[in-house]
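Just so we're clear, the structure is a prediction, and the values are computed from it rather than from any experiment. In this chain, numbering begins with 1 at the start of the sequence shown. Counting starts at 1 for both ligands and their atoms, following the listed order.
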Amino acid sequence: MISKLKDFLGFDIKAEKYKLSSDPQFGMISDYKKPDKWVFSTCGYCGVGCGLYIGVKDGKAVYTKGNPTHSVNKGTLCPKGLSEHQLINSPDRISEPKIDGKDVTWNEAFKKTSDTFKRVAQEKGSKSVAIISTGQLLTEEFYALGKFAQLGLKTNNFDGNTTLCMASAVAGYKQSFGSDGPPSSYEDFEYADMIILVGANIADNHPILKLHINKNKKKPFIVVIDPRVSKTAQMADLFIPINPRTDLALFNTLAYIILEQGWENTEYITASTNGLSDLKKHLQDYPPQEVSNITGIEVETLYELARQFVKAPAALSAWTMGVNQSALGTDTVSAIVNLHLLTGQIGRVGTGPFSITGQCNAMGSRESSFTSSLPGYRPFGDEEVAREYAELVNVPVELVPTERGYKYAEIIDAIDRGEIKALWIIATNPLVSFVNQKKLRSALKKLDILVVQDAFMSDTALEADVIFPAATWGEKEGTYTNSERRCNKANRAVEPFGNSKSDFAIFLEFSGYFGFKDLIYPSWSEPKDAFEEFKRVTKNQLCDYSAMSYKLIEELKGIQWPCNEASPKGTARLYSENMPFSTPNKKANLLCVEWLPLASDVCKAFPLMLNTGRTVEQWHTRTKTKSIAILDDLAPEAWVELNPKDAQILEVKSGDRIALSSINGRVENVIVKVTQKVKDGSVFVPFHFNTELVNTLTNSEFCPKSGEPNFKQSAIQLHSIKVPEGIKISEAEVSVQLVHQKVEELNIVIKDKEATL
Ligand code: SF4
């Protein structure tokens, strides 16, 4: 038996090195795998920010284990976190700098890039060099990069892929509160009496948050609002299958009902808000009966939802991409905030409007990177603010940018117009993640130089003129700030792969080729130098890091800002009784926000609505996860979820393959899952896969305030390769729309699309 087992395993489990022994922190572990050391760190995938340890053996990362004493995750990790060490040794890592696909020295890569950037800036102005970064660098790296772009290269055409996921939350908070900053904490999930999850599939995207809900002893009333019956919907007491992109109308009518019934919190409104009388007038356009027609939600349900929200001693609303990735994203955020302000459901334990961030350090990027504001949430365009920042970091005030440059999609448009000629892309993969791929690909061809800085050979890196190979998670040091404003420490466990360097080291070294290193990075040599400057920059700002230190962050397992002399261990939630809002009169704004129908709704040619999203096993465009077998084997390709009624029309079943098309392009050969999870007329496809590139189909509609794309609703049609019986269509290809046309021609009566063809 033992010898058979030995043959099967390929090693003898009775051998001395495989025996189990006890590790003081992690229990029984095989000697074979027992790390030489455990390195304290933080997960580098999503914005939950789980604490973990990286196990290192013989200089290699061999284990990842949840940190049992970390308040975010209490020792648990999701599948991505548990296998995170494997990404370090991915076969897709880039080990050497490259020019035109050939290995070169760092000096050659830096020289070629700096020469081209300088020439382009000389010929067309400094703003013809643009940068698109990510939400996955460390805060110290974001801060260094922001200084590089804005003070060094003097270009404000600098944005991040965070504009594809969190920009609407940022802009919504700014217009409602006067500043960015999520008000709540994860512990509010543990104390809320009512939890609304709207456009938030946390079971797939932020799985560890469910632990906090499970810890809630009050058995909260959980409402999930989503067009799709996601995994998260299964935890709902009340699931509301809302019509796509109608959430703003829903929140407006809930506010209408609250005011109509006299359920508002007058004391809170008077003390802490502006704009009630205008809002009252505005909401007259959102009577429940009309909104019921828009949203598909029964009037009784609307009243019950409003009643529960007001009745709950503590109500929490959390959202992610379903709200943000919308042409109305910013105003939908403000409509949610309105509801909390009208009822005083904010600033107390278990309450608040709470955006959950997608990437591990989207928050750090928002606070430090110079994209949507000056570092420390300082606004652009205020002379005094600019002077103060210039003095703090000892640079001429003329260098401090006075306004935001182009947002992500505007950068692509400017490239397309020939206005931007050099692009530096850092740790993001637009050739899978950006909307309307056809337009993007044609624009990128017009560049004089495309530089990609990444740890992995992404689809975009493959197209680059120059590649800077970067170190990744586990190979570098700094901080990440999670959705609840908790600054966590990430540490270097192993040496950077091959000849790669940390992003921080790349910025410092590359700045030397432009001659501004001493000005923007005075005596900086390690990430801590940037962190200390950032602490000074944030002092007395809402996102105050001034009392933090690397040591204290590790000791406390993360610290929530603001952290200062008054709150040396951080602050659990914003806008409690003694914390004013950041508007001129220190009160929050109740805002009149308008619902609008979709600009490109379904039509005869494209009769189905495509929704895109994620699955727990994969991360973004799979640059990190596709080589991790335990993840990729579970979700190796995209699929299309199709309601049985639409499947019947197309005569397809689960396991068949179909094509999808929109006005922008076509995707072939996607496997069908017939499911009641999606309503008839709607389909869902995960966006991670370059093999089934669903962003070929998505349109170029954006939120005008945040610049965030309307990823979630694109009108499409489906194509089966089968011809339904009784239908004579010349091509062998059949689409839902063609079937409907034929049905009309043949005068066949159909009920609810259930054609009996
Ligand atoms: Fe990492 Fe997010 Fe999973 Fe936690 S929930 S282990 S932060 S991917």
Side-chain angles (χ1 to χ4, degrees), residues 26 39-55 61 63-88 134-139 162 165-166 182 185-187 189 197 200-215 230-232 235 318 320-321 354-365 427 472-474 478-491 493 553 557-558 560 613-626 628 630-632 634-635 686 688:
F26 299 106
V39 178
F40 178 103
S41 197
T42 303
C43 180
Y45 282 113
C46 90
V48 172
C50 295
L52 49 76
Y53 287 94
I54 306 168
Y63 247 98
T64 321
K65 278 266 188 187
N67 182 339
T69 61
H70 203 284
S71 72
V72 166
N73 56 311
K74 297 282 183 214
T76 57
L77 294 173
C78 81
K80 288 196 285 283
L82 278 170
S83 54
E84 197 161 4
H85 58 281
Q86 293 185 40
L87 68 84
I88 293 174
T134 175
Q136 288 171 71
L137 299 186
L138 296 146
T139 294
T162 42
C165 60
M166 288 315 304
S185 277
Y186 296 158
E187 69 171 22
F189 285 111
L197 296 166
N201 180 13
I202 61 167
D204 268 308
N205 303 325
H206 304 91
I208 298 301
L209 290 186
K210 193 163 178 299
L211 293 181
H212 293 271
I213 298 176
N214 289 348
K215 278 166 73 181
S230 65
K231 287 176 200 156
T232 305
M235 61 195 270
T320 63
M321 303 313 146
F354 192 10
S355 57
I356 308 298
T357 43
Q359 301 182 70
C360 58
N361 202 22
M363 283 300 299
S365 164
T472 189
W473 172 89
T479 54
Y480 296 134
T481 297
N482 73 1
S483 305
E484 57 166 358
R485 295 168 283 102
R486 183 179 299 277
C487 177
N488 282 307
K489 186 80 196 307
N491 284 320
I553 293 168
K557 317 291 184 304
Q560 290 173 280
R614 302 155 199 241
T615 185
V616 67
E617 298 86 1
Q618 296 288 1
W619 176 251
H620 283 196
T621 63
R622 292 165 70 235
T623 47
K624 285 179 170 179
T625 48
K626 77 169 182 280
I628 299 179
I630 198 165
L631 300 175
D632 205 55
L634 289 169
H688 306 287

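- Both tests do not hold together for Lys489 against Phe40: distance to the six-membered ring centre under 6.0 Å, angle to the ring axis within 45°.
- Protein heavy atom in closest approach to atom 2 (Fe) of ligand 1: Cys46 SG, 2.3 Å.
- Using 4.0 Å as the threshold, Leu77 has a heavy atom nearer than that to some atom of ligand 1.
- The aromatic rings of Tyr186 and His212 lie tilted to each other, with the angle between the two planes from 30° to 60°.
- Looking at Asp204 and Arg614, no side-chain N of the basic residue comes within less than 4.0 Å of a carboxylate O on the acidic one, giving no salt bridge.
- Counting heavy atoms closer than 4.0 Å to ligand 1, residue Cys78 contributes atoms from both its backbone and its side chain.
- The nearest N, O or S atom of Cys50 is closer to atom 4 (Fe) of ligand 1 than 2.8 Å.
- Of all atoms in ligand 1, listed by their number and element, those nearer than 4.0 Å to a heavy atom of Tyr45 are 8 (S).
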- Task: Kindly determine whether Thr625 and Gln618 satisfy side-chain hydrogen bond (donor to acceptor under 3.5 Å, both in side chains), including the steps that lead there.
- Result: CA-CA 6 Å; Thr625 48; Gln618 296 288 1; 2.6 Å; yes
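- Interface atoms of ligand 1 facing Gly49, defined by a heavy-atom separation under 4.0 Å, are 7 (S).
- The shortest contact between atom 5 (S) of ligand 1 and any protein heavy atom is with Ile208 CG1, 3.4 Å.
- Residue Leu634 qualifies as enclosed at atom CG: its count of foreign heavy atoms under 6.0 Å is above 12.
- Every atom of ligand 1 is numbered from 1 in the order shown, and the set under 4.0 Å from a heavy atom of Cys43 is 1 (Fe), 6 (S), 7 (S), 8 (S).
- No more than 12 heavy atoms of other residues, nucleotides or ligands lie within 6.0 Å of NZ in Lys210, so this atom counts as exposed by the packing criterion.
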